[in-house]
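Read the structure below first, then the notes.
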Amino acid sequence: MGGRDSLPSNDSVSGTPGPSSGHQLPSSSSQAQKRAYRQRRKDPSCDACRERKVKCDATDTTSCSECSSRNVKCQFTKETNRRMSSIKQVQDLEKTLDKLKRENLNLKRALETQGHGVHGHASHGLGRGQPHMPMDRMDIDSGPVGGMGIEQLLALLLPEIGAEPKPKKRPVPIPALAQARSNIRIPAKGVWKPPAQYRHSPAGPSMFDYTPRPELPSQQTTDHLMRCYYSSAHTMTPIIHWPTFRQEVDNLYRPGGLSQHAPTSFLAMFYAVLAVGALFSSDPHRSYRAAEWIEASRKLIDPWGNDFVLDHARSLVLISIALNELNLKSAAWNWLGNAVKVAQDIGLHSDMDSWPLIEKEMRKRTWWSIYILDRSLSLELGRPMLIDDVDCDVPLPMGVDDHFIRDNGMVVPNGAEPLTHSLLAITHVVRSYTALGRLLSSSGNEGPMLHNRNEFMSPAIPPARLATFDQYFASCLRTFPPACDPSSGSPLAPVLLNPLIYLLHARLLLHRQNLSPQCPLEARLLAVEQCTNIALETAAYLKRMTPTLPEGATALTTMHIFRCALFLLLIGHLDQALVCIRELVTINTNREVAVPCGRYLLFFVGVVGQKRSEYLQRIMMTGSPEPAPVRLRNALVRDEELIAYVSADLQARPDTAWIWAGGEQDHAAAAAAAAAAGRAVGSTSGSSPGGANGLGTLFSEEAKMGLSKEEINEWNVNKGWTRLDELVRGLAHSLAVPDQTYAFIGLDAYIGYRSPSLIRTRPASTSNGPRTPSSSSLAL
């Protein structure tokens with residue numbers, strides 16, 4: 001014979017496969033090794049080993065040594081290798097099932113220990129009085145569903161409403177080390193810093209404290225902007241103890257206060273407060289004024305600073321908020337990164353009891369405000385989240401306004417409302433963004449292998465998981481004031497709508513994810529339906545709005561109204577769409593993102609009008625017992641082009657955008673044409689390299705709107721908002737008169753308003769018959 005495939009085990013007393021001469025039974029380990037040996041002989045060789053005619057030692061969990069040494073994939077795909085018995089396949093499935101059961105059991109035990117929970121299946125709508133689902137009915141019981149493994153499921157767990165983060169274990173005090181603590185400080189200088197709560201404040205001013213300081217605005221201006229800030233941003237992110245801050249600002253206006261008593265860190269925060277306040281004021285030049293205060297704050301922040309205090313973190317997060325409201329989202333993301341790092345450097349992410357009550361509460365509120373901005377920007381922009389929940393054990397903020405918080409305790413007068421800000425309610429919603437962001441990132445990607453290397457789960461978010469999030473959001477809704485209930489008829493001020501938008505925004509993004517062409521048709525149609533329901537609910541809220549929305553609306557509120565208008569226009573809820581559009585009209589230049597949203601809606605209305613006309617003409621020519629409006633709506637929601645347009649900024653996320661796939665050649669051609677014209681693709685043509693008047697992006701209207709001067713002027717000269725309103729009302733009129741030929745003033749009218757460079761016109765039909773939609777329009 002040509003030699004054995006393997007040597008006998010060292011445990012064997014004989015080279016023969018039979019029993020030893022002593023007729024003793026072999027040990028269990030010896031039997032297992034022999035069984036493993038025999039099993040390996042039955043297993044097939046991988047593709048590479050079979051081709052090279054060498055021994056293959058691959059197992060169920062590891063590649064063979066031959067493939068590992070050659071750095072190639074160890075796989076079994078050739079027809080001659082498919083001789084695994086059905087018995088072994090069943091055994092492999094049983095092993096996988098047992099492993100998943102053990103992992104799920106361990107997961108439940110860990111959750112019970114941590115005190116966290118997951119809500120189970122939800123009812124169809126958001127309502128009040130819905131009970132929590134018990135732990136033993138979590139939807140993770142079924143193993144890896146929806147294309148997710150156990151690690152992803154762990155990340156998708158939603159915290160109980162009001163549950164505190166799990167405290168970290170910390171060393172117990174050792175009294176005998178008191179002398180060591182005293183001795184170690186001096187030799188440790190320059191080597192490492194003590195934890196934030198044990199650091200000593202720097203002795204004396206730093207070199208940067210001698211930086212020239214901007215001139216203070218008039219006290220009247222300061223008082224006005226502080227009132228604007230207090231009635232807007234402070235109601236959502238109350239990171240400043242207002243009585244203390246008010247007193248320190250008054251000190252600035254006393255003789256010598258600016259030079260002798262105000263550190264640069266406080267002044268940077270002061271000007272950042274003025275910047276945010278200016279953005280929520282009625283000043284027609286609010287954007288430019290805010291840019292001036294942001295620049296003043298920036299100049300007072302040492303870019304090379306190595307010792308930070310709480311005011312540094314507050315300055316950075318306020319600048320991030322201002323930049324986000326100015327539609328400079330990438331700049332806001334950049335400054336937010338600095339805010340996160342400074343906050344972690346001074347220990348805001350850790351729960352420490354060694355601070356006075358006021359400072360301790362402001363540290364908590366600052367951390368959770370940074371957390372909210374991190375989660376909301378990450379979710380909206382499709383960026384990785386900067387903060388890991390595992391690193392954070394800061395308790396939730398107290399449900400008391402800062403006016404009632406003193407270093408000697410909290411005092412709430414009888415009859416006073418203890419809580420008027422919305423930080424807690426927003427925090428409950430945003431804590432779900434971690435799981436939501438992971439879910440949105442994982443959907444559309446191939447799920448984990450369950451049975452073999454070629455079997456993957458559907459990329460759509462499954463209904464059970466959608467229901468889990470819907471019920472969680474329903475629980476969050478109950479933490480908002482009664483006026484936020486959809487069934488309430490009381491007026492709604494921006495101070496309530498803006499926090500509520502965090503909830504509506506998350507629900508819309510959750511269901512909108514299933515618009516992807518990778519999802520089944522049923523999931524896509526359900527996504528359109530759910531998003532439309534959320535849009536209708538938003539329109540109902542807007543009908544109850546007070547007249548103060550224009551100055552009080554945030555950029556997030558503006559974007560949510562825009563997304564809702566798209567779905568309402570697609571389905572044909574034109575009255576509700578007009579409610580959304582008219583709120584955008586009132587916001588207008590109060591938020592730089594409003595005008596770009598209006599331009600997009602004008603484009604979309606034109607396309608919808610053209611599509612309606614084409615489909616209706618086709619429907620009139622074909623008989624069907626189904627009513628024409630139903631057939632029209634079914635055709636529109638199945639139109640791939642319209643679905644791509646209604647998905648809007650979903651096409652900006654690198655992990656979910658599908659419209660750009662295969663467009664490399666188009667982009668190259670556009671880049672070449674843009675290069676010939678002397679500008680970059682997507683740039684705001686016509687603007688100077690340094691922005692408006694060479695002052696940079698912060699002062700450039702074109703940069704903040706993302707439009708060129710010509711595009712902004714064209715929108716204003718042609719009364720873009722008025723034109724949009726007319727087109728929507730024209731669409732409503734065409735639907736109300738069924739005997740007309742539906743010659744809607746749609747895309748052609750829009751092209752007449754805009755230059756043809758913004759949209760490609762459809763080739764007109766050469767015959768006298770009706771135009772039919774392209775084949776790609778019916779691919780859904």
>> Working note: Ile643 + Val528, criterion side-chain contact (heavy atoms from CB on, under 4.5 Å); need CA distance, chi angles, decisive distance, verdict.
In response: CA-CA 9 Å; Ile643 293 299; Val528 173; 4.0 Å; yes
>> Between Arg375 and Thr434, is the side-chain hydrogen bond (donor to acceptor under 3.5 Å, both in side chains) condition met? List the steps.
In response: CA-CA 7 Å; Arg375 290 303 191 258; Thr434 302; 2.8 Å; yes
> Hey, mind stepping through Phe603 and Val607 against side-chain contact (heavy atoms from CB on, under 4.5 Å) and telling me if it holds?
Replying inline: CA-CA 6 Å; Phe603 154 76; Val607 177; 3.6 Å; yes
> Please walk me through it: do Phe604 and Leu642 pass side-chain contact (heavy atoms from CB on, under 4.5 Å)?
Replying inline: CA-CA 8 Å; Phe604 184 70; Leu642 287 179; 4.1 Å; yes
>> Would Val394 and Ser350 count as a side-chain contact (heavy atoms from CB on, under 4.5 Å) here? Give the steps.
In response: CA-CA 5 Å; Val394 179; Ser350 297; 5.7 Å; no
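Within the 4.5 Å cutoff, side-chain heavy atoms of Phe245 are placed close to those of Met269. At least one side-chain heavy atom of Trp367 sits less than 4.5 Å from a side-chain heavy atom of Cys392. When side chains are defined from C-beta on, Asn498 does not count as touching Thr235, because their heavy atoms never get closer than 4.5 Å. Residues Ile319 and Asn338 have side chains not in contact (no heavy-atom distance under 4.5 Å, counting atoms from C-beta outward). Leu515 is listed as a side-chain neighbour of Val646, based on a closest heavy-atom distance under 4.5 Å. Under the 4.5 Å side-chain criterion, counting only non-hydrogen atoms from C-beta, Thr586 is not in contact with Arg582. Within the 4.5 Å cutoff, the side chain of Tyr472 has heavy atoms near those of the Pro159 side chain. At least one side-chain heavy atom of Leu556 sits less than 4.5 Å from a side-chain heavy atom of His505.
One distance of note links CG of Leu566 with OH of Tyr600; it measures 6.0 Å at 0.5 Å rounding. Expressed to the nearest 0.5 Å, how far CG of Leu436 lies from CZ of Phe469 amounts to 5.5 Å. A distance of 8.0 Å separates CZ of Arg507 from CG of Leu477, quoted to the nearest 0.5 Å. The distance from the CD1 atom of Ile240 to the CE atom of Met226 is 8.0 Å, given to the nearest 0.5 Å. Distance check: Ser422 OG to His428 NE2 gives 11.0 Å after rounding to the nearest 0.5 Å. For the atom pair OG1 (Thr558) and CG (Asn590), the distance works out to 8.5 Å, reported to the nearest 0.5 Å.
Side-chain contact check for Glu701 and Ser287: no donor-acceptor pair (N or O, by modelled atom type) lies under 3.5 Å. In this model, no donor atom of one side chain and acceptor atom of the other lie less than 3.5 Å apart for Glu380 and Ser376. Between Thr697 and Ser700, the side chains place no donor N or O within less than 3.5 Å of an acceptor N or O (distance only, hydrogens not considered). Counted by atom type alone, His560 and Thr538 present one or more donor-acceptor pairs between their side chains at under 3.5 Å. With hydrogens and angles left out, the side-chain atoms of Asp389 and Tyr371 include a donor and acceptor closer than 3.5 Å. Between the side chains of Tyr645 and Glu641, at least one donor N or O lies within less than 3.5 Å of an accepting N or O. If you check the side chains of His511 and Asp470, you find a donor sitting under 3.5 Å from an acceptor.
Here the side chain of Asp402 pairs a donor or acceptor atom with the backbone of Trp242 at under 3.5 angstrom. Here the side chain of Thr656 pairs a donor or acceptor atom with the backbone of Leu650 at under 3.5 angstrom. Lys704 places no side-chain N or O within 3.5 Å of a backbone atom of Phe699 that could act as its donor or acceptor partner. Side-chain N or O atoms of Arg599 include none that pairs as donor or acceptor with a backbone N or O of Pro596 at under 3.5 Å. Gln344 places no side-chain N or O within donor-acceptor distance of the main-chain N or O of Lys341, the cut-off being under 3.5 Å. Remark: the backbone N or O of Ala275 is not paired with any side-chain donor or acceptor of Arg289 at under 3.5 angstrom. Using a distance-only test at 3.5 Å, with no hydrogens or angles considered, a donor-acceptor pair links the side chain of Asn716 to the main chain of Ile712. Without hydrogens or angle criteria, Thr554 side chain to Thr557 main chain gives a donor-acceptor distance under 3.5 Å. With hydrogens and angles disregarded, a donor-acceptor distance shorter than 3.5 Å links the side chain of Asp374 to the backbone of Ile387. Judged by distance alone, the side chain of Glu551 and the main-chain N or O of Ser281 form no donor-acceptor pair under 3.5 Å.
Closest heavy-atom contact between Ala644 and Trp658: CA-CZ2, 4.2 Å. For Leu279 against Ala322, the heavy-atom pair with the smallest separation is CD1-O, 3.6 Å. Counting all heavy atoms, side chain and backbone alike, Leu379 lies closest to Arg653 at O-NH1, 2.8 Å. Residue Pro217 comes nearest to Trp293 through the heavy atom pair CB-CH2, 3.6 Å, listed as atom of the first residue, atom of the second, then distance. Between Ala539 and Val579, the shortest heavy-atom contact is O-CG1, 3.8 Å. Residues Ala233 and Val276 approach most closely at CB-CG1, 3.6 Å, considering heavy atoms.
Arg591 forms no cation-pi arrangement with Phe562, by the criterion of a distance under 6.0 Å to the ring centre and an angle within 45° of the ring axis. A cation-pi contact, defined as under 6.0 Å to the ring centre and within 45° of the axis, links Arg383 to Trp333.
Between His312 and Phe308, the ring planes lie perpendicular to each other; the angle is over 60°, past the 30° to 60° tilted range. Tyr229 and His234 have tilted rings, their planes meeting at an angle from 30° to 60° on a 0 to 90° scale.
Remark: Asp649 engages Arg512 in a salt bridge, criterion side-chain N to carboxylate O under 4.0 Å.
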